[in-house]
Amino acid sequence: MQNAIPKAYEPKDYEDQMYGRWEASGFFNPDVCVERGVTAEDAEPFTIVLPPPNVTGTLHMGHAAMLAIEDVMIRYARMRGKRTLWLPGTDHAAVATEVKVEGLLIKEEGFKKPKEELGRDAFLARVHKFAKDSHDTIVNQSKKMGSSLDWSREAYTLDDQRNLAVRTVFKQMYDDGLIYRGYRVVNWSVKGQSTCSDDELVYVERPGKLYFFKYSHDFPIPIATTRPETKLGDTAVAVHPEGKWKQYIGQTFTVADFGQPGHTLTIHVIGDDGIDETFGTGALGVTTAHSPIDFEMYMREKARGNDIGIVQVIGEDGRMTANAGAAYVGLTVAEAREKVVAWLREQNLLTEEKDVMQNVGTSDRFTDVVEPLPKTQWFVDVNKKIPGKGRFAGREVSLKEMMSEVVRDGSIEILPDKFNRTYFSWIDNLRDWCISRQVWFGHQIPVWYRGTEVYCGVNAPEGEGWTQDPDSLDTWFSAGLWTFSALGWPEKTKDFETFHPTTVLETGYDIIFFWVARMILMTTYTLGEVPFKTVYLHGLVRDEQGRKMSKSLDNIINPLDMIEKYGTDATRLSLLLGSTPGNDVKLSEEKIASFRNFTNKLWNIGRYILSTEGVAEATASWECKTLADRWIVARMHAVTEEVTKALDTHAFSYAGERLRDFTWSELADWYLEASKVAPNPALLRQLLSTLVRLWHPFMPFVTEVIADMMRDTTSSEFVMVSRWPDASEIPSDDTAMREFALVQECVTAVRAMRQTYQMSPSAAVVAHVMAEESTWSHITAQTELICKLARVSSIERVTAVADNTATTAFGWGSVSIPLEGQIDVAAQRTRIEKDLADVTRYIDTLHKKLDNADFVARAAADVVDKEREKLAEATTRRDALTAQLVQLG
RNA sequence: GGACGUUUAGCUCAGUUGGUUAGAGCAUCUCGUUUACACCGAGAGGGUCGGGGGUUCGAAUCCCUCAACGUCCACCA
């Protein structure tokens, strides 16, 4: 036998070239699949829009996991004959990208304040250039992962088409009164000179001090704070409406000197249920300008006609304003804090200092502590009721209600379902969404001003003298439109009609609020429809110790390095197997290496089968000749059925593990060994062809390469567009499975004997047979395999197994013997007898219970039913055990 | 403070409505270089299923409780 196929699979020799061939074929594009007859014209659509990676850099393992999972779904759907679209794109990521480029300009080109020095246009040009390069890298990396994305439809959250979608939606929301401009306390990043949304805050725990004091000696209510500097701007004290200071509610006090001589505070005492009398002093100093909670009190009081005022004492530069008084203006927050504390101490107003741990909100993007400040910003009102569209037509609904309803009524299924609760509690706590950002890179707000005139429109207003609002939109605003904007909306495109709502949204659970929830919000509002039917949330990729991968820990595993070293298929498998929805996956290089070994195993299975005589010319067929044949076909039936079911239910890890176990432990270790006695070329070919198709969604490259070798190399067919194996077309055979299990037991016994007593193969067979006299016939029947594995080849084959009788052809003639006998029969019988006794006893007690007229009369109907059910169950089990016992003889 | 999750072999994890003797991979050790594969094969050791209590004929599985770890949310001024 000559073998031109290399012994080891070298991914590098095939992967890039194979991806090139796939791409050139056009089959990533569903339209081409229909044209070429791969997909039926009326086939059910299957759509995934790729969560667009940020153009801030390169792909990491998290992206690789996302691409692997989605590609499995996509390739599987395509092979099932669905009209399958996987739409790629990238996200401009507004703030993140701008900050990144700013940092690079400072670090690498010596700028101090790049935005000021370059000016808007030149700076934006640099950002766009960076985004473009980053985009190119991302596209290349995605291709390296083998992703069957339809590149002809690629989109970008900041391109013209998407910009039109953004302006269109903004205008609609503005007209519906959902988008408004308001003066509110927002999260302000001093470093980034921009707002950020509530969800973008990351809380960091740090030690702090809680100071107990009074504003002045004659002020009746003591308060406590961790931020004394903000107290320079206090305008109220909140106490519990039923508490010990309730008599002061409604009064106004004037503190003549606070923090410095002449700095006057006007303090209103207000009642608020939220006050916890057991904490601090039991009263809260209200700083309406620098705390979102306090600001809400301000709004509530104002609604009651009581204006307690807003005094901003910290500016956008992070320093104290003139409102803080002459002694403080220009100081940093930290300096002002010390100074206020010193003053309180001096005046003998400070009663206590307590060390506490406090959570400080920091900006995820800008990485500094966020300063709450009052500013005029754009917001999306999540509570206002407006006339709904589509499925909400004819009703007055709020954004909150819409986004809640579609998940509650099952129109959107979230996997794993535990995230439903998370989702709902997020909606419950959702406040109006601040969408304006003071950065340049992004969608500029489509609002223009001229004097006191305000114009909102999809396009700039006619006439002279209009200035567009300089702010840009939160990146999640445009990302929220992704499922439909990427399909060409607001134009009435054929793609939008065919592929929306999309089928599955697959993404990391860490962006469920940022993105998933906002897509649901935007889509239910704009289209009155869901953006997707299923949300599949994958976990985070962590290192082998379960830590997040980060530069500082130096534990980053780069997907491209792993692809280079072990191949794409191995890298994909390492991310797919052992990863279930919502759970983090631990990754190590050893894990990837072990999957590289498996890839090679699959390769060698192909290599062996294809180099077996007769396989090249054979026509694939399920026809069986030996017991081993029938067994492996039956196993193939089972695995096909299970894997299909698993993929249908998004159990990718299980599907892959099941396939791996079958491939390695059943096909390679048992069947291929057994088949060496009497190879069945037509069946080997059929098995390989089926195996390659089952594995294709997981390991697209090696399967395609093996398939390539199975056919004429000039053929243009791909496994990628072949038909998914249908379990119902693979014969199932329970008898063969049972009988082969006996063979396996015997072989194992012989092997053990050889090893224990260092026997020659044939001696071991004889010894085993002698030792197990009672099972003599059984052993004899299976001698073919035993001898094969023991390298004794005087026996040709098992010719038939029927009616519990095996006929074996030996070199000297043939023998028929009954197939029976078990190893360790006695022990098994003992166990069954014990179980049987238990169950029988149980049945007796149930019978007694049910025969008791008193019980039946008194107990609730469903209790009685349940007892009856239990009885039926137990009876079934008893019968099964009895049957087993009979079988044992 | 609220919610959720995890705890099974040295490590990483399966264990599908409670049911024969709790499984796999890696690691360790032993044996084996037989023409698909040493990126291999055959085997061995190793677990009172986090602790305690309960329900049940029967519990890794269901209930209660405690503990450790993790995640998210809220946030106390």
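Convention: sequence-line order gives letters A, B, ...; per-chain numbering from 1.
Within the structure, every pair that satisfies the side chain to side chain donor-acceptor pair (under 3.5 Å) test and touches residues 583-593 of chain A, not counting sequence neighbours, is listed here: A:Tyr509-A:Asp584, A:Arg542-A:Asp584, A:Lys565-A:Glu589, A:Tyr566-A:Glu589, A:Thr580-A:Asn583. Listed by first and then second residue, the salt bridge (Lys or Arg N to Asp or Glu O under 4.0 Å) pairs involving residues 652-665 of chain A are A:Glu642-A:Arg658 (not counting sequence neighbours).
Using a 4.0 Å cutoff on non-hydrogen atoms, the parts of residues 655-668 of chain A near RNA chain B are A:Trp664, A:Ala668, ordered by number.
The distance between atom CG of A:Asn604 and atom P of B:C40, rounded to the nearest whole Å, is 10 Å. B:A36 atom C1' lies 11 Å from atom CE of A:Met709, rounded to whole Å. What separates CZ of A:Phe595 from P of B:C26 is a distance of 10 Å, to the nearest Å. When the P atom of B:C39 is taken as reference, atom CD of A:Glu590 falls 16 Å away, rounded to whole Å. The interatomic distance linking A:Phe424 (CZ) with B:C4 (C1') rounds to 15 Å, in whole Å. If you measure from atom OH of A:Tyr566 to atom P of B:C39, you get 12 Å, rounded to the nearest angstrom. Atom CG in A:Leu688 sits roughly 16 Å away from atom P in B:A36 (whole-Å rounding). Rounded to whole Å, the distance from CD1 on A:Ile592 to P on B:C39 is 18 Å.
For the side chain to side chain contact (heavy atoms under 4.5 Å, CB included) test with A:Phe258, the passing option among A:Leu349, A:Leu344, A:Asp234, A:Ile267 is A:Leu344; the others fail. With respect to A:Phe598, the side chain to side chain contact (heavy atoms under 4.5 Å, CB included) criterion is satisfied by exactly one of A:Leu573, A:Val702, A:Leu577: A:Leu573.
Phosphate proximity of B:C40 to A:Asn597: present, with a side-chain N or O under 4.0 Å from OP1 or OP2. Between B:C37 and A:Lys7, a contact under 4.0 Å exists linking OP1 or OP2 to a side-chain N or O.
Between A:Asp428 and A:Lys400, none of the side-chain N atoms (NZ, or NE/NH1/NH2) sits under 4.0 Å from a carboxylate O, so this pair counts as no salt bridge.
Side-chain N/O atoms of A:Arg421 and base N/O atoms of B:C4 include no donor-acceptor pair closer than 3.5 Å. Judged by distance alone, with hydrogens and angles left aside, A:Lys601 brings a side-chain donor or acceptor within reach of the base of B:C37, the pair sitting under 3.5 Å.
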Secondary-structure notation, RNA chain B, from Watson-Crick and G-U pairs under 3.5 angstrom (| other strand): (((((((..((((.....[...)))).(((((.......))))).....(((((..]....))))))))))))....
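Taking atom C1' in both B:U6 and B:C13, one finds a spacing of 12 Å when rounded to whole Å. Spacing of P atoms, B:U30 relative to B:U21, comes out at 34 Å, to the nearest Å. Rounded to whole Å, the C1' atom of B:G23 lies 10 Å from the corresponding atom of B:U8. As rounded to the nearest Å, B:U12 and B:G52 have C1' atoms that lie 28 Å from one another. Atom P of B:A60 sits at a distance of 7 Å from the matching atom of B:C49, rounded to the whole Å. With C1' as the reference atom, B:U56 and B:A68 are 30 Å apart, rounded to whole Å. Taking the C1' atoms as reference points, B:G15 lies 14 Å from B:A59, given to the whole Å. For the P atom pair drawn from B:A24 and B:A9, the interatomic distance equals 14 Å after rounding to whole Å.
Applying the 6.0 Å contact sphere to NZ of A:Lys244 captures more than 12 heavy atoms from other residues, nucleotides or ligands.
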Step by step, would you call A:Trp603 with A:Tyr14 a ring-ring contact (aromatic ring centres under 6.0 Å, His included)? CA-CA 13 Å; A:Trp603 170 259; A:Tyr14 306 96; 5.7 Å; yes
Evaluate the criterion side chain to side chain donor-acceptor pair (under 3.5 Å) for residue pair A:Asp276 and A:Thr278; output intermediate values, then yes/no. CA-CA 5 Å; A:Asp276 175 2; A:Thr278 64; 2.6 Å; yes
Apply side chain to side chain donor-acceptor pair (under 3.5 Å) to the pair A:Thr663 and A:Lys601, showing each step before the final yes or no. CA-CA 9 Å; A:Thr663 307; A:Lys601 186 76 185 182; over 6 Å; no
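A heavy-atom distance below 4.5 Å is found between the side chains of A:Leu688 and A:Met710. With contacts defined as side-chain heavy-atom distances shorter than 4.5 Å, the pair A:Tyr423/A:Arg421 does not qualify.
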Nucleic acid footprint by protein, nucleotides 70-77 of chain B - heavy-atom cut-off 4.0 Å, B for base, S for sugar-phosphate alone: ---SBBBB
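Residues passing the ring-ring contact (aromatic ring centres under 6.0 Å, His included) test with A:Phe513, sequence neighbours excluded: A:Trp426.
Heavy atoms of A:Glu642 sit nowhere under 4.0 angstrom from any nucleic acid atom.
Separation of atoms OG1 (A:Thr288) and CD (A:Glu301) is listed at 11.0 Å; rounding is to 0.5 Å.
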